[in-house]
Enquirer: 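Please read through the structure below; I'll follow up with questions.
Just so it is clear, the values below take in all heavy atoms, side chains as well, and ignore hydrogens, waters and symmetry mates. First listed ligand is number 1; within each ligand, the first listed atom is number 1. Remember, predicted model here, so these are calculated numbers, not experimental data. We number each residue from 1, following the sequence as shown.
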Amino acid sequence: MQFKYLSLAALAAGASAQTMNLTATLMSNANLTNLTSYVSLFPSLLTSLSTATNITILAPSNDAFAAFLNSSAGMAVGLNDTTAIEAILSYHVLNGTYPASSIMSTPAFIPTMLNNPAYSNVTGGQVVEAVAQGTSVEFYSGLLANSTVTTANVNFTGGIVHIINQVLTVPQNISYTAEQAGLSAVAGALTEANLVTALDSAMDVTVFAPNNAAFQAIGSALGNLTVAELTNILEYHVVNGTVAYSSTLKNETVTAMNGANLTITVEGGDVFVNSAKVVTPNVLVANGVVHVIDNVLNPNNTSAAPNPAASTQSVAFAGASSASINALTSGIPTPTSMIGAGPTPAGATSSMMSSSSSAAAAMPMRTAAVGAAALFAGAGIWLNN
Ligand SMILES: *[C@@H]1O[C@H](CO)[C@@H](O)[C@H](O)[C@H]1NC(C)=O
Ligand SMILES: *[C@@H]1O[C@H](CO)[C@@H](O)[C@H](O)[C@H]1NC(C)=O
Ligand SMILES: *[C@@H]1O[C@H](CO)[C@@H](O)[C@H](O)[C@H]1NC(C)=O
Ligand SMILES: *[C@@H]1O[C@H](CO)[C@@H](O)[C@H](O)[C@H]1NC(C)=O
Ligand SMILES: *[C@@H]1O[C@H](CO)[C@@H](O)[C@H](O)[C@H]1NC(C)=O
Ligand SMILES: *[C@@H]1O[C@H](CO)[C@@H](O)[C@H](O)[C@H]1NC(C)=O
Ligand SMILES: *[C@@H]1O[C@H](CO)[C@@H](O)[C@H](O)[C@H]1NC(C)=O
Ligand SMILES: *[C@@H]1O[C@H](CO)[C@@H](O)[C@H](O)[C@H]1NC(C)=O
Ligand SMILES: *[C@@H]1O[C@H](CO)[C@@H](O)[C@H](O)[C@H]1NC(C)=O
Ligand SMILES: *[C@@H]1O[C@H](CO)[C@@H](O)[C@H](O)[C@H]1NC(C)=O
Ligand SMILES: *[C@@H]1O[C@H](CO)[C@@H](O)[C@H](O)[C@H]1NC(C)=O
Ligand SMILES: *[C@@H]1O[C@H](CO)[C@@H](O)[C@H](O)[C@H]1NC(C)=O
């Protein structure tokens with residue numbers, strides 16, 4: 001029973017020559033009826049969006065919602081978990097007016113209205129990565145999931161709507177992201193050092209996360225480490241209090257959580273931290289950003305410098321050799337699916353993470369068995385009455 005939509009849509013269409021308000025804009029687009037329903041479930045959100053100015057709404061199409069509700073992520077959002085759903089919707093609202101023409105091939109990290117500390121510990125709001133790839137505009141979210149703009153620049157009185165083909169993934173905590181990204185050595189080492197809670201609940205962090213190959217390359221040095229030594233090494237990979245996306249990394253020295261210095265070098269499109277190269281930048285997490293690197297950093301070797309011309313760097317632990325890392329990784333669950341590959345850097349051929357298959361969307365609340373589909377179906381009934 002769609003008469004209510006149809007009559008309102010007809011009214012809105014009649015006024016199409018002028019810029020419409022948000023509700024009229026959403027209702028006038030046949031691909032956005034689901035979003036209209038869901039936002040209407042949250043009267044306070046709807047009111048604040050309707051009265052806001054200078055915002056950009058990334059509006060998932062009906063097809064995007066259908067796919068989301070069928071995904072494990074969609075099903076994992078609890079039936080009654082209105083805060084989770086409100087958080088997801090808030091993440092789709094950018095602070096500022098961003099027409100497609102303002103989005104460049106160099107990624108920008110745009111703050112959203114997702115501020116609820118249960119879902120984001122990023123000062124100023126969790127961000128999305130906006131990047132132009134060829135002729136399309138892409139938004140990368142948690143777990144490097146990508147959403148493509150299918151209809152750009154729909155103006156409304158408070159700003160702009162871009163219709164996207166996939167619901168954004170709210171960035172997850174560091175430990176879960178590490179698991180899903182196949183960084184099981186990092187996940188295992190954090191567990192062994194008992195750092196998971198401290199790191200996941202910190203605010204505004206940047207993590208340089210070595211991939212498993214990096215740990216394997218120094219495997220012989222890992223077996224004899226005390227917990228204190230392992231902790232010191234891990235804390236040397238974290239910058240506490242700064243979220244440094246690729247857009248802000250520059251030649252500089254920064255202080256890691258253990259108090260020692262890290263040297264950042266930006267050279268010809270590549271980013272190095274000490275002698276390690278960033279191989280997958282900008283994996284957004286609930287409290288900041290993770291950059292995957294190809295070498296484990298050594299707090300006792302802070303002067304390790306890169307050789308940007310070389311394709312691989314020597315290890316930062318003198319005398320270490322390759323050995324199994326099963327002891328670190330064995331307790332870590334296998335990813336349910338692999339994360340995205342991230343955008344291809346402008347003018348470069350990327351050497352991204354080995355993962356390839358589709359992005360694993362997931363939500364912070366993964367416990368409820370009943371899907372959001374039930375709630376949203378209820379919304380449809382409620383709205384149509
Ligand atoms: C939006 O515009 C429609 C059509 O002009 C109007 O009926 C509605 O009251 C407006 N809504 C708000 C919140 O201003
Ligand atoms: C709805 O989405 C489809 C598929 O992306 C597209 O072909 C169509 O033009 C869209 N319709 C509107 C009104 O935007
Ligand atoms: C939703 O909340 C209602 C009322 O609090 C409760 O009766 C119902 O069991 C809850 N449903 C689920 C799936 O948690
Ligand atoms: C939007 O950004 C401006 C700064 O550019 C800030 O003052 C404002 O608080 C932000 N709004 C929200 C809702 O986060
Ligand atoms: C719109 O928001 C952006 C980002 O917060 C801000 O830089 C800009 O000044 C705002 N513009 C207006 C007209 O408020
Ligand atoms: C944000 O930090 C608070 C306080 O440390 C913590 O309780 C909360 O779980 C964190 N949020 C996320 C999404 O990790
Ligand atoms: C949308 O607004 C921008 C200015 O923000 C304007 O340049 C553009 O022409 C408008 N587009 C439409 C279709 O009205
Ligand atoms: C990060 O820094 C803040 C402020 O200095 C401090 O309160 C917090 O304990 C630090 N977090 C960790 C995990 O060290
Ligand atoms: C680890 O300890 C064993 C036994 O004490 C020793 O033989 C080995 O050389 C040590 N390995 C490293 C890398 O220090
Ligand atoms: C950073 O420093 C290196 C030398 O250490 C230099 O080659 C490079 O051009 C610098 N990068 C920038 C962006 O200035
Ligand atoms: C973008 O998302 C689609 C669908 O989830 C996936 O197949 C594709 O690999 C992703 N692309 C990148 C560059 O991550
Ligand atoms: C979502 O959109 C589909 C059409 O794609 C429609 O059949 C369904 O009723 C909509 N659901 C809601 C809750 O608006």
Enquirer: Any non-hydrogen protein atom below 4.0 Å of atom 14 (O) of ligand 5?
Expert: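 Within 4.0 Å: yes, protein heavy atom nearby.
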Enquirer: Relative to ligand 8, is M203 under 4.0 angstrom through side chain, backbone, both or neither, heavy atoms considered?
Expert: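 Looking at M203 and ligand 8, no heavy atom falls under 4.0 Å.
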Enquirer: Going only through I, L, V, M, F, W and Y residues with side-chain contacts under 4.5 Å, is there a path from V290 to V238?
Expert: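 They do share one cluster, since a chain of ILVMFWY contacts under 4.5 Å joins V290 to V238.
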Enquirer: Can you find a protein heavy atom closer to atom 2 (O) of ligand 5 than 4.0 Å?
Expert: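 At least one protein heavy atom is under 4.0 Å away.
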Enquirer: In this structure, does ligand 5 have an atom that sits under 4.0 Å from one of the heavy atoms of N95?
Expert: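 Heavy atoms of N95 do come under 4.0 Å of ligand 5.
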Enquirer: Would G241 count as a contact of ligand 8 if the rule is a heavy atom under 4.0 Å away?
Expert: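 Contact absent.
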Enquirer: Who clusters with V227? Use side-chain heavy atoms, under 4.5 angstrom, across I, L, V, M, F, W and Y, and order the result by chain and number.
Expert: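 V227 clusters with nothing; isolated.
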Enquirer: List ligand 8 atoms under 4.0 Å from M257, heavy atoms only on the residue side.
Expert: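 Reading through ligand 8 atom by atom, the close ones are 13 (C), 14 (O).
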Enquirer: Which of the numbered atoms in ligand 8 are below 4.0 angstrom from a heavy atom of A198?
Expert: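 Contacts of ligand 8 toward A198, numbered from 1: 13 (C).
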Enquirer: Less than 4.5 Å apart, any side-chain heavy atom of M113 and any of L45?
Expert: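 M113 does not reach L45 side chain to side chain.
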Enquirer: Less than 3.5 Å between some nitrogen or oxygen of N54 and one of ligand 5, yes or no?
Expert: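 N/O-N/O distance under 3.5 Å: yes.
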Enquirer: Taking atom CG as the centre, does N251 end up with more than 12 heavy-atom neighbours from other residues, nucleotides or ligands that are less than 6.0 angstrom away?
Expert: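 Yes, enclosed.
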Enquirer: So which protein heavy atom does atom 11 (N) of ligand 8 come closest to, and at what separation?
Expert: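 Checked against all protein heavy atoms, atom 11 (N) of ligand 8 sits closest to N240 ND2, 3.0 Å.
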Enquirer: State, with a plain yes or no, whether a side-chain heavy atom of T263 is found less than 4.5 Å away from one of F272.
Expert: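 No; the side chains remain at least 4.5 Å from each other.
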Enquirer: Could you check N274, N301, N258 and say which one makes a side chain to side chain donor-acceptor pair (under 3.5 Å) with Y236?
Expert: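 Only match with Y236 under side chain to side chain donor-acceptor pair (under 3.5 Å): N274.
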Enquirer: What is the distance from atom OG1 of T157 to atom CE of M20, rounded to the nearest 0.5 Å?
Expert: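 Answer rounded to 0.5 Å: 9.5 Å.
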Enquirer: For atom 7 (O) of ligand 8, is the nearest protein heavy atom closer than 4.0 Å?
Expert: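 No.
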